[in-house]
Amino acid sequence: MLQRILLVLCGLALSTAVSAQGVLRVSAIPDESPTELQRKFSRVAAYLEKEVGMKIQYTPVTDYAAVVEGLAAKKVDLAWLGGFTFVQARIRTGNAIPIAQRAEDEKFTSKFIANSASGINGLADLKGKNFTFGSVSSTSGHLMPRFFLLQNKINPDKDFKRFAYSGAHDATALQVESGKVEAGVLNASVWDKLVEEKKVDTSKVKVIWTTPPYYDYNWTVRGDLDPALVQKLTAAFLKLDPKNPAHKELLDLQRASKFIATKPENYKGIEAAARSAGLLK
């Protein structure tokens, strides 16, 4: 009984450690360039500081796995994750909680793109070609594209001449545009942004296929975070109103129309896809 009491007390101490320190540690998967991520999340940090009354410490990382490990090691309290990294975090920690996602993340898609000079016009034309995914742990840059390729009878390990990982969605687009690879895949949101901002030359690279929709990105907290703090964080995201100019600016940075509540069950399909594609044992 004494052991149980001590364990409960230790758990309470860990869950309130963030509040005692007055610092909320935030990180995000590096799915875009470091400068773009810093631009996006510095604004989120400033907003959350006002909403929850705590100092926000944003820590950039160099790979997806570092965010998952940060949550597991209790060095990260709140993280921007993709669907697959959420699944990994949930398995790794046993209690990671998704609290909010963009409305767009209920029906997210990936775009398969090809260099215009490659002669690739559809998925079947990818066989025998050089291809790039995003990150190994990316939902929209690897997991779901691989899953849909397999559904279409294309096995990247056997059917591509060669494939690699660019590390980020914007890097994928640039590699295809330059001809470094003949084709690749990236998330639809980043593709749309690159086109809108004229950071990709659509005379040199084109979309050849768009995946069916799936759940993707979310904000996730450590499972042992103070429940009152989790409520404040959730409310902060859900109250963002596109009719409020300041909120609209922040939502636009996140490429979100609004944030909505989410739950672990929404990502069961991602977990099933990961197991089907051999990316989870």
Side-chain angles (χ1 to χ4, degrees), residues 11-32 34-61 66-68 70-83 85-86 89-90 93 95-106 108 189 193 215-267:
L12 289 172
L14 284 169
S15 69
T16 57
V18 174
S19 297
Q21 294 168 0
V23 177
L24 187 78
R25 300 160 300 178
V26 180
S27 193
I29 56 171
D31 60 344
E32 294 184 77
T35 52
E36 179 63 13
L37 291 176
Q38 187 66 45
R39 185 173 78 94
K40 288 166 62 174
F41 293 112
S42 61
R43 296 297 300 277
V44 174
Y47 171 72
L48 290 178
E49 282 188 348
K50 292 180 181 178
E51 292 297 314
V52 302
M54 295 175 66
K55 180 176 173 56
I56 305 295
Q57 180 184 353
Y58 172 67
T59 303
V61 295
V67 185
V68 173
L71 283 166
K74 304 188 192 315
K75 293 180 179 179
V76 171
D77 307 307
L78 172 69
W80 177 246
L81 301 178
T85 35
F86 165 71
R90 182 80 172 179
T93 65
N95 60 6
I97 304 168
I99 59 171
Q101 65 182 57
R102 299 170 303 185
E104 290 75 8
D105 290 312
E106 280 190 306
F108 208 75
S189 179
K193 181 177 74 172
Y215 277 95
D216 203 352
Y217 294 88
N218 67 60
W219 282 103
T220 289
V221 295
R222 288 195 292 110
D224 60 350
L225 209 59
D226 179 0
L229 177 55
V230 173
Q231 282 188 334
K232 282 185 180 180
L233 289 167
T234 305
F237 286 112
L238 299 187
K239 75 180 282 190
L240 286 167
D241 183 356
K243 295 177 183 177
N244 178 321
H247 289 187
K248 177 72 163 53
E249 191 174 347
L250 196 152
L251 287 167
D252 286 347
L253 269 177
Q254 306 300 308
R255 299 195 68 77
S257 56
K258 64 178 180 178
F259 278 90
I260 59 176
T262 190
K263 55 189 178 181
E265 291 74 23
N266 287 343
Y267 299 91

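Predicted model only: the values in this text are computed from it and were never measured.
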Pairing residues for D252 by the side-chain hydrogen bond (donor to acceptor under 3.5 Å, both in side chains) criterion, not counting sequence neighbours
K248

Identify the two heavy atoms, one from A28 and one from V67, that lie closest to each other, and give their separation to 0.1 Å.
O-CG2, 3.5 Å

If we only count heavy atoms from C-beta on, is the L48 to L78 side-chain gap below 4.5 Å?
yes

Backbone of I56 reached by a side-chain donor or acceptor of E49 within 3.5 Å
yes

In terms of heavy-atom contacts, does NZ of K258 have more than 12 from other residues, nucleotides or ligands at under 6.0 Å?
no

Between D77 and V23, the two heavy atoms sitting closest are OD2-O, 4.0 Å

Suppose we screen for side-chain hydrogen bond (donor to acceptor under 3.5 Å, both in side chains). Which residues come up paired with Q231, at least two apart in sequence or across chains?
none

Could you tell me which residues satisfy salt bridge (charged side-chain N to carboxylate O under 4.0 Å, His left out) with E104, sequence neighbours excluded, listed by chain and number?
none

With a 3.5 Å distance limit and no angle check, can you tell me whether Y47 reaches the backbone of A246 through a side-chain donor-acceptor pair?
no

Could you state the interatomic distance from CD (Q101) to CG (L81), rounded to the nearest 0.5 Å?
12.5 Å

So, taking the atom named CZ in R222 and the one named NZ in K75, what distance separates them when rounded to the nearest 0.5 Å?
12.5 Å

Scanning both residues in full, the closest heavy-atom pair of V44 with Q254 reads CG2-NE2, 3.3 Å

Can you tell me how far apart CD1 (I99) and OG1 (T262) are? Round to the nearest 0.5 Å.
10.5 Å

Which distance, rounded to the nearest 0.5 Å, do you find between the CG of N218 and the CH2 of W80?
7.0 Å

To the nearest 0.5 angstrom, please state how far the CD atom of Q57 sits from the CG atom of L24.
9.5 Å

For D216 and G83, indicate whether the former's side chain and the latter's backbone hold a donor-acceptor pair under 3.5 Å.
yes

For the residue pair L225 and L233, establish whether any side-chain heavy-atom pair is separated by less than 4.5 Å.
yes

Who pairs with E51 by salt bridge (charged side-chain N to carboxylate O under 4.0 Å, His left out), at least two apart in sequence or on another chain?
K239

Which residues pass the side-chain hydrogen bond (donor to acceptor under 3.5 Å, both in side chains) test with D105, not counting sequence neighbours?
R102

Do L37 and D31 come within less than 4.5 Å of each other through their side chains, counting heavy atoms only?
yes

Where do A79 and L71 come nearest, in terms of heavy atoms and distance?
CB-CD1, 4.1 Å

Checking ring-ring contact (aromatic ring centres under 6.0 Å, His included) for the pair W219/F41: CA distance, chi angles, key distance, verdict?
CA-CA 12 Å; W219 282 103; F41 293 112; 5.8 Å; yes

In the structure I gave you, are the side-chain heavy atoms of V61 and V76 within less than 4.5 Å of one another anywhere?
no

Do you know the tightest heavy-atom contact between R43 and R39?
CG-O, 3.6 Å

Tell me, please, which residues at least two apart from T59 pass side-chain hydrogen bond (donor to acceptor under 3.5 Å, both in side chains).
none

Indicate yes or no for a side-chain donor-acceptor contact from R90 to the backbone of A96 under 3.5 Å, with no hydrogens or angles considered.
yes

Counting heavy atoms not belonging to K40, are there more than 12 under 6.0 Å from its NZ?
yes

Quickly, which of Y217, Y267, Y215 forms a ring pair (Phe, Tyr, Trp, His ring centres under 6.0 Å) with F108? Name it, please.
Y217

Which atom names give the shortest non-hydrogen contact between F259 and A256, and what distance separates them?
CE1-CB, 4.3 Å

